[in-house]
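Worksheet for the structure shown next.
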Amino acid sequence: LAKTTQPISMDSYEGQEVNITCSHNNIATNDYITWYQQFPSQGPRFIIQGYKTKVTNEVASLFIPADRKSSTLSLPRVSLSDTAVYYCLVVPGSSASKIIFGSGTRLSIRP
Amino acid sequence: GAVVSQHPSWVICKSGTSVKIECRSLDFQATTMFWYRQFPKQSLMLMATSNEGSKATYEQGVEKDKFLINHASLTLSTLTVTSAHPEDSSFYICSASYPQGLGNTIYFGEGSWLTVV
C-alpha cells in the first residue's frame with residue numbers, strides 16, 4: 001500500500017492560486033493518483049485523477065512528475081467555499097485493493 | 001460521475017441496540033465496497049472491506065462481531081453496529097470502486113452520523 005504525505009494545513013486568500021503537494025514514494029506501476037475534497041459531515045468528493053504528466057478539469061489541475069513519486073493539486077483562484085480538507089490518495093489498479101487515508105491537508109481560505 | 005449513496009444520513013440509537021447503515025452504488029456494480037470511520041477533525045480510518053458474496057475482511061483492531069458487514073448484491077453493502085455503545089458514536093462512510101479506463105475511481109457515500117445515547 002502506497003503511503004501518502006501531505007502538509008497538515010495551509011492558508012491562503014480569496015483569488016489566489018493554491019498548490020498542495022503530496023508525496024507517495026512507493027507508488028506502484030498500476031496505481032493512479034486521486035485527490036478528494038471533504039467538507040465537515042460529508043463524504044469525500046472526487047476532484048481529479050491522473051496517472052502521469054498533467055491533468056486538468058473544470059475545477060483543478062493535477063501535476064505529476066515523471067517519477068510519479070509526488071503530485072501537486074492546483075486550485076486556481078480559490079474562494080471561501082474552497083475551505084476544506086484535501087486528501088491525496090493512491091488508488092490501486094485493482095478494484096478490490098484497499099485504500100488507506102493519510103492525514104489530508106486542511107486548507108483555510110481567508111477574505 | 002458514479003454515485004454512491006448512504007442511508008440514513010444520521011441516526012440516534014439507545015445503548016445496547018443495533019443499527020444498520022446501507023451503502024448503495026446507484027449506477028454501477030461494485031464487487032468490493034469499503035467502510036470507513038471518521039472522528040471529528042481526524043482522517044478516515046478503514047474498518048473493513050466488503051466483498052460481494054463472501055465474508056468481509058476486517059482491519060486489525062476492528063471487531064467483526066460488533067460491526068457486521070453484509071454485501072448481498074452488487075449494489076448494496078450494509079454495516080450493522082451491534083449492541084451499540086456511546087463510544088461507537090462516529091461518522092461512518094462507505095466507498096465503492098468504479099472502473100474507468102485502465103484504472104479505478106473511488107467514489108464515497110455522503111456519510112452517516114451515528115449517535116448512541
Side-chain angles (χ1 to χ4, degrees), chain A residues 1-9 22 27-52 55 57-59 62 64 68 71 83-108, chain B residues 1-6 9-10 21 23 25 28-52 54 56-60 71 74 90-115:
Chain A
L1 294 174
K3 179 181 176 181
T4 58
T5 304
Q6 306 172 230
I8 295 295
S9 64
C22 176
I27 188 169
T29 302
N30 294 331
D31 292 343
Y32 280 71
I33 299 151
T34 313
W35 285 78
Y36 293 85
Q37 176 191 56
Q38 186 183 30
F39 296 113
S41 299
Q42 294 185 26
R45 184 176 74 96
F46 173 87
I47 300 174
I48 196 166
Q49 179 172 280
Y51 185 80
K52 60 181 178 180
V55 179
N57 62 22
E58 62 276 9
V59 297
L62 176 59
I64 305 168
R68 303 197 333 119
S71 60
T83 294
V85 178
Y86 292 81
Y87 292 99
C88 159
L89 296 184
V90 173
V91 179
S94 168
S95 62
S97 298
K98 59 185 179 182
I99 296 166
I100 304 299
F101 275 73
S103 62
T105 298
R106 189 170 296 274
L107 176 64
S108 297
Chain B
V3 178
V4 176
S5 180
Q6 281 182 243
S9 299
W10 57 270
I21 301 171
C23 178
S25 56
F28 66 101
Q29 295 181 333
T31 56
T32 305
M33 292 183 176
F34 301 91
W35 286 95
Y36 294 83
R37 183 175 183 178
Q38 186 176 34
F39 292 107
K41 297 192 180 299
Q42 293 187 21
S43 185
L44 283 74
M45 182 187 75
L46 180 64
M47 298 176 65
T49 302
S50 174
N51 305 298
E52 189 268 336
S54 65
T57 305
Y58 291 83
E59 294 300 301
Q60 189 174 8
H71 195 151
L74 288 171
S90 187
F91 191 51
Y92 293 87
I93 305 170
C94 71
S95 73
S97 181
Y98 180 72
Q100 282 188 315
L102 298 177
N104 296 283
T105 300
I106 309 298
Y107 289 96
F108 292 85
E110 309 94 328
S112 300
W113 269 110
L114 169 63
T115 302

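What you see below is based on every heavy atom in this structure, not just the backbone, and it leaves out hydrogens, waters and symmetry mates. The chains referred to below are lettered A, B, ... by the order of the sequence lines, with proteins before strands, and numbering in each begins at 1.
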**Report entry** Which atoms of B:Gln42 approach chain A - backbone, side chain, both or neither, heavy atom under 4.5 Å
**Finding:** backbone
Requested in this report: Measure the OG-CD distance between A:Ser41 and B:Glu110 for me, rounded to the nearest 0.5 Å.
Outcome: 12.5 Å
Requested in this report: Mind checking the NZ-CD1 spacing from A:Lys98 to B:Ile106? Nearest 0.5 Å is all I need.
Outcome: 14.0 Å
Query raised in the report: Would you find a donor on one side and an acceptor on the other, under 3.5 Å apart, between the side chain of B:Tyr36 and the backbone of A:Phe101?
Result: no
Report task. Quick one: closest heavy-atom pair of B:Ser43 and A:Gly102, and the distance? Result -> OG-O, 2.5 Å
Query raised in the report: Distance from A:Ile99 atom CD1 to B:Leu46 atom CG, nearest 0.5 Å?
Result: 9.0 Å
**Report entry** Segment of A:Tyr87 engaging chain B (4.5 angstrom heavy-atom cut-off)
**Finding:** side chain
Query raised in the report: Is it the backbone or the side chain of A:Arg106 that comes under 4.5 Å from a heavy atom of chain B, or both, or neither?
Result: side chain
Requested in this report: Measure distances from B:Leu44 to the heavy atoms of chain A and classify the residue's part below 4.5 Å as side chain, backbone, both or neither.
Outcome: both
Query raised in the report: What class does the angle between the rings of B:Phe108 and A:Tyr36 fall in, given that below 30° is parallel, 30 to 60° is tilted and above 60° is perpendicular?
Result: perpendicular
Query raised in the report: Under a 4.5 Å heavy-atom cutoff, which of B:Met45, B:Lys41, B:Gln6, B:Met33 has the most pairs with chain A?
Result: B:Lys41
Query - Per-residue contact mode, B:Thr105 against chain A (heavy atom under 4.5 angstrom) - result: both
